[in-house]
Amino acid sequence: EVEYTFKHALTQEVTYNLMTFAQRRDLHRAVGEWYEQSFATDLASHYPILAYHWSKTDEAAKAIDYLEKAGEEALAQYANQEAVNFLGEATRLAEGLQPPVSALRRARWARQMGEAYLKLGRHAETRQECQRVLALLDRSLAVGSVQRIGSLLGQVAREAGRRLTLSRRAERRDSVEASADRLEVARAYFCLGELAYYELDVVTGLTLMLGIVDLLEGDDPSPELVNAYAGLSVVASHIGRAALAGRSCSPRTLAIGNWGRWRCASEGFRSAPSPCRTAIARPTISLNSNAIAAACRRFLSICMRPATV
């Protein structure tokens, strides 16, 4: 098969710029269709090039699909800046698109960009993207010291009330979309919780982890919920509650929870210290109310003396 190449990139650029926009769109569409036909059984490795060509056509919906897939693939491969670029371009193309892209889908892109920014050490952008997730899904976070402490005490009161009355939350029977919304909010909370951990913000970290528990306890078991219990363990370890923290169990909780191996996780917890099992076990999830209250008292004293954290 005959192939043609430019001897110099500058020649290619000048030739490309001499073409009309309509000609460019037609050529990009032809190249995109060729890739789809030639690599139909293995498109994944060609998502970036497909995203590029389709984004140069007038088929924004198709371009968004490939940009989304390329961004997710880049994030999975720890190509974080590339993930931000792909998902940011998808977000840009989605503005004003008809029919509109769902809020949940746009929130997912924002959360994925937040995770990528966190791995890049860009904390301001992480916070901005995660807050955009919450705004898209009609959630909010308390701001200011007094509001954050009030939010935390409210979370603790709800959790302690359920445990003290030995009540179990009834399983929800709502739409798949509502469940997906909660999962996305929980993932944004966890990303912000990681940020709080790096910034030694005990108040926010504990509030966010309890917020995930409050969101997801009525749903099916999920890695996000296990991550929240592990996050509570980590936060509790920073406020001097070793019994609540269960340090030896937390890494195993995170690893097994992410794989979804619940039976293996259960077996692993049986060999863990008793307080750790109390703090993390499913499905009863019986966090000890006295331990929570003691942790809160300790944490409030830390809030008054932030230098001792």
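Computed from a prediction, not measured in an experiment: that's the story for all the values here.
Side-chain polar atoms of Glu36 and Tyr66 form a donor-acceptor pair below 3.5 angstrom. There is no side-chain donor-acceptor pair under 3.5 Å between Glu59 and Trp54. Side-chain contact of Gln131 with Arg139: a donor-acceptor pair under 3.5 Å is absent, judged by distance alone. Between the side chains of Asn85 and Gln81, a donor-acceptor pair is found at a separation under 3.5 Å.
The hydrophobic clustering, which links ILVMFWY residues whose side-chain heavy atoms are closer than 4.5 Å, places Ile49 and Leu43 together. Under the 4.5 Å side-chain heavy-atom criterion for Ile, Leu, Val, Met, Phe, Trp and Tyr, Leu215 and Leu183 are members of the same hydrophobic cluster. Side-chain heavy atoms closer than 4.5 Å link hydrophobic residues (I, L, V, M, F, W, Y) into clusters, and following such links, possibly through other members, connects Val185 to Met209. A chain of hydrophobic side-chain contacts below 4.5 Å, direct or via other Ile, Leu, Val, Met, Phe, Trp or Tyr residues, connects Tyr47 to Trp34. Following chains of ILVMFWY side-chain contacts shorter than 4.5 Å, one can reach Phe190 starting from Leu210, so the two form part of one hydrophobic cluster.
The backbone N or O of Asp201 lies less than 3.5 Å from no partner atom in the side chain of Thr204, so there is not a single donor-acceptor pair. With hydrogens and angles ignored, the 3.5 Å screen pairs no side-chain donor or acceptor of Glu184 with any backbone N or O of Asp181. Under a 3.5 Å cut-off, the side chain of Asn17 and the backbone N or O of Glu13 do form a donor-acceptor pair.
Closest approach of Ala188 to Leu134, counting heavy atoms only: CB-CD2, 4.3 Å. Across all non-hydrogen atoms, the minimal contact from Val203 to Thr207 is O-OG1, 2.8 Å. Considering every non-hydrogen atom in both Ile212 and Leu225, the closest pair reads O-CD1, 4.4 Å. Contact between Ser222 and Leu216 at its shortest, heavy atoms only, is OG-CD1, 3.9 Å. Nearest heavy atom pair, residue Ala63 against residue Leu93, reads CB-CD1, 3.9 Å. Scanning all heavy atoms of the two residues, the minimum distance from Val84 to Ala116 falls at CG2-CB, 3.7 Å.
Atom NZ of Lys56 is surrounded by 12 or fewer heavy atoms from other residues, nucleotides or ligands within 6.0 Å. Enclosure of atom CD in Glu199 by more than 12 non-hydrogen atoms of other residues, nucleotides or ligands within 6.0 angstrom is indicated.
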*asked:* If you apply the rule salt bridge (charged side-chain N to carboxylate O under 4.0 Å, His left out), what do you find for Glu115 with Arg187, and how did you get there?
replied: CA-CA 9 Å; Glu115 291 178 354; Arg187 289 165 184 154; over 6 Å; no
*Carefully, step by step, assess Val101 and Glu95 under the rule side chain to side chain contact (heavy atoms under 4.5 Å, CB included).*
CA-CA 8 Å; Val101 176; Glu95 294 176 359; over 6 Å; no
*Candidate pair Leu118 and Leu195, rule side chain to side chain contact (heavy atoms under 4.5 Å, CB included), full reasoning*: CA-CA 7 Å; Leu118 183 62; Leu195 188 58; 4.0 Å; yes
*When you look at Arg106 and Arg132, which way does the side chain to side chain contact (heavy atoms under 4.5 Å, CB included) test go after all the steps?*
CA-CA 9 Å; Arg106 287 181 286 131; Arg132 190 150 62 91; 5.8 Å; no
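Checked for salt-bridge contact, Lys62 and Asp65 miss the test: no charged N lies under 4.0 Å from a carboxylate O. The pair Glu72-Lys69 does not meet the salt-bridge criterion, since no charged nitrogen lies less than 4.0 angstrom from a carboxylate oxygen.
Rounded to the nearest 0.5 angstrom, Thr126 OG1 and Arg111 CZ are separated by 13.0 Å. From Phe86, atom CZ reaches atom CD1 of Ile64 across 14.5 Å, with rounding to the nearest 0.5 Å. Between the CG atom in Leu136 and the CZ atom in Arg108 there is a gap of 12.0 Å [rounded to 0.5 Å]. Distance OH/Tyr197 to CG/Leu206: 14.5 Å, rounded to 0.5 Å. Once rounded to the nearest 0.5 Å, the distance linking CD of Glu73 with CD of Glu82 reads 12.5 Å. From Thr57, atom OG1 reaches atom CZ of Arg29 across 5.5 Å, with rounding to the nearest 0.5 Å.
Of the residues listed (Gln112, Arg122, Arg127, His123), the one engaging Tyr117 in a side chain to side chain contact (heavy atoms under 4.5 Å, CB included) is Arg122, and it is the only one.
Aromatic ring centres of His28 and Tyr16: separated by under 6.0 Å.
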